[in-house]
Protein chains: 2
Amino acid sequence: MKSLKVIKVGGNVIDNEQNLSNFIDNFVQVKGPKILVHGGGKKASAMSRQMGVAPKMLQGRRVTDQETLEIVTMVYAGLINKNLVARLQSKQCNALGLTGADGNTIQAVKRPVKAVDYGFVGDLDHQSVNSQLLDTLLNDNICPVICAITHDKKGQLLNTNADTIATNLAIAMQNLYETSLIFCFEKSGVLRDPEDEKSYFPNISWQQYQQYKSEQIIKDGMIPKLDNAFEAIGAGVASIVIKHARNLNNDIGTTLYK
Amino acid sequence: MKSLKVIKVGGNVIDNEQNLSNFIDNFVQVKGPKILVHGGGKKASAMSRQMGVAPKMLQGRRVTDQETLEIVTMVYAGLINKNLVARLQSKQCNALGLTGADGNTIQAVKRPVKAVDYGFVGDLDHQSVNSQLLDTLLNDNICPVICAITHDKKGQLLNTNADTIATNLAIAMQNLYETSLIFCFEKSGVLRDPEDEKSYFPNISWQQYQQYKSEQIIKDGMIPKLDNAFEAIGAGVASIVIKHARNLNNDIGTTLYK
């Protein structure tokens with residue numbers, strides 16, 4: 001079976017020119033079929049402010065009204081995605097940018113309104129992914145670069161969590177590839193001590209994860225990220241690593257396992 | 001030989017919700033392989049003003065400094081392109097949005113600085129077009145939706161005239177398809193009297209065009225559009241029509257010939 005790497009790069013890497021430049025150098029060296037997934041929330045918040053639209057957050061998630069949806073569509077699908085593609089193209093990586101709407105790559109569902117109305121936010125699972133189109137592109141030696149915008153196939157774009165996209169892509173592509181999922185961010189891995197970059201766990205099992213959560217060694221923003229990741233492991237993704245973007249091609253980072 | 005329609009839709013159609021909605025209804029009814037090319041200059045100018053960046057125009061062309069390039073990338077490749085794609089997808093047209101950077105679809109050259117420095121503006125010819133990628137997508141029943149952003153393959157995005165893109169796409173795809181080029185805008189065709197929508201020329205030959213130009217019956221913004229179009233005819237594109245977006249699927253409009 002062919003192998004595929006799904007690589008998610010976080011907003012804190014993208015927002016810093018030096019980090020981004022290093023990441024791109026590392027990314028183009030990754031051998032074989034690969035898909036890049038990116039966010040860009042910090043840049044979207046900055047753009048909101050420049051346009052006089054206050055970013056609205058609830059429980060760490062963006063509330064996406066019509067105005068905010070337009071801004072994230074411009075920033076994720078336009079500014080960030082196309083600059084990533086152009087820079088990868090300059091280094092002989094045949095990148096092609098996509099939202100979930102393009103070629104119906106990811107068809108999500110607008111999040112139902114319960115206690116909170118998140119607005120134009122998309123939920124998805126691995127069945128939302130058009131793995132056939134991605135396979136066609138990968139076979140043509142193209143590297144899909146996917147941003148955190150999906151659609152509902154009824155004409156509505158939806159703001160969607162990039163970690164969730166990466167996770168469900170990795171699960172969906174398993175039918176065709178042995179898939180690994182790599183989350184690149186601005187820390188060396190899952191840290192025991194948030195102040196000490198050397199304190200990363202080399203490995204975390206599902207059982208250890210439950211324990212670390214209950215002891216509050218792992219907390220806050222790391223929990224949705226790890227919940228997502230362990231979901232993919234439960235669904236059979238071959239390997240999942242959380243690491244600093246600069247360590248993409250070496251062993252430093254946290255590997256998750258069952 | 002298979003046939004292909006390259007359809008350019010102008011900014012004045014896109015900016016008006018009723019016109020856009022009608023255009024989309026008409027576009028999805030077009031049978032067979034098709035490519036949509038769009039601009040969006042009016043919306044980009046509005047966004048510039050909202051962000052406090054004054055649009056700079058010289059001889060009817062946008063001067064594209066770094067700030068303006070970011071805005072047109074957001075508006076063309078993000079906001080307009082992805083909304084078009086989502087709306088086409090909702091009507092069972094398998095649209096996929098592209099800039100020239102994506103899959104290296106169009107590799108342009110930054111316009112050399114002569115009397116005027118247009119900034120990050122791309123020039124291209126038909127050899128700039130990656131017809132193989134477009135053919136792959138078309139064969140997969142995908143409708144490419146191409147916005148007016150290209151790249152130089154050295155990491156730089158470039159703002160590029162959408163009429164020029166449509167024309168050179170039509171020329172480039174001729175190797176593989178019998179290609180027609182259709183310019184949809186907000187008038188019935190090339191008008192003898194700009195105030196009278198019924199005064200459109202049903203046909204204009206190259207020789208007539210020279211005459212009408214010298215008599216100033218055809219002038220202003222119509223000249224670069226027609227120069228572009230006749231260039232494609234000279235290069236052997238099967239048919240070129242300039243018409244109102246609402247008339248996409250009927251005979252009303254101006255057909256150009258040798």
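Bear in mind the structure is a predicted one, so any value in this text is a computation, not a measurement. Naming: A, B, ... by sequence-line order, numbering from 1 per chain.
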Given heavy-atom pairs under 4.5 angstrom as the criterion, report whether the side chain, backbone, both or neither of [X] touches chain B.
| X | answer |
| --- | --- |
| A:Ile71 | neither |
| A:Leu88 | neither |
| A:Gln107 | neither |

* To do: Using the ring of A:Phe120 (Phe, Tyr or Trp, six-membered ring only), decide whether A:Lys110 places NZ or CZ under 6.0 Å from its centre and within 45 degrees of its axis.
  =>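 Yes, A:Lys110 and A:Phe120 form such a contact.
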* With a cut-off of under 6.0 Å to the ring centre and 45° to the axis, is A:Lys34 in cation-pi contact with A:Phe27? ->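 Output yes; distance and angle both within limits.
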* Asked: Say you draw a straight line from CG of B:Leu124 to CG of B:Leu169; how long is it, rounded to the nearest 0.5 Å?
  ->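 Result: 8.0 Å between the selected atoms.
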Heavy-atom pairs under 4.5 Å with chain B - which of [options] has more of them than the others?
| options | value |
| --- | --- |
| A:Cys143, A:Gly103, A:Gly97 | A:Gly103 |
| A:Gly100, A:Cys147, A:Ala95, A:Pro144 | A:Ala95 |
| A:Val145, A:Ile24, A:Asn104 | A:Asn104 |
| A:Met51, A:Gln50, A:Gln156 | A:Met51 |
| A:Lys154, A:Arg87, A:His151, A:Lys82 | A:Lys82 |
| A:Asp152, A:Thr73, A:Thr99, A:Leu96 | A:Leu96 |

* For the pair B:Arg111 and B:Asp123, evaluate salt bridge (charged side-chain N to carboxylate O under 4.0 Å, His left out) and give the outcome as yes or no after the intermediate values. => CA-CA 6 Å; B:Arg111 184 171 302 166; B:Asp123 288 329; 3.0 Å; yes
* Asked: So which of B:Ile142, B:Asn83, B:Asn141 has the biggest tally of heavy-atom pairs under 4.5 Å with chain A?
  ->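 Looking at each of B:Ile142, B:Asn83, B:Asn141 in turn, B:Asn83 comes out on top.
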* Asked: Quick one: do A:Asp15 and A:Lys43 make a salt bridge, cutoff under 4.0 Å?
  ->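 Here A:Asp15 does not pair with A:Lys43 in a salt bridge, since their nearest N and O are not under 4.0 Å apart.
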* Residues B:Lys2 and B:Asp135 bridged, charged N to O under 4.0 Å ->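 Judged by the 4.0 Å cut-off on N to carboxylate O distance, B:Lys2 and B:Asp135 do form a salt bridge.
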* What closest approach, in Å, do B:Leu20 and B:Ile14 show between heavy atoms, and which atom pair accounts for it? ->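 B:Leu20 and B:Ile14 have their closest heavy atoms at CD2-O, 3.8 Å.
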* Check B:Ala166 against B:Phe183 and note the closest heavy-atom contact, atom names and distance. =>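 Nearest pair, atom of B:Ala166 first, then B:Phe183: CB-CE2, 4.4 Å.
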* Which bit of B:Leu69 comes within less than 4.5 Å of chain A, counting heavy atoms only: side chain, backbone, both or neither? ->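 Neither part.
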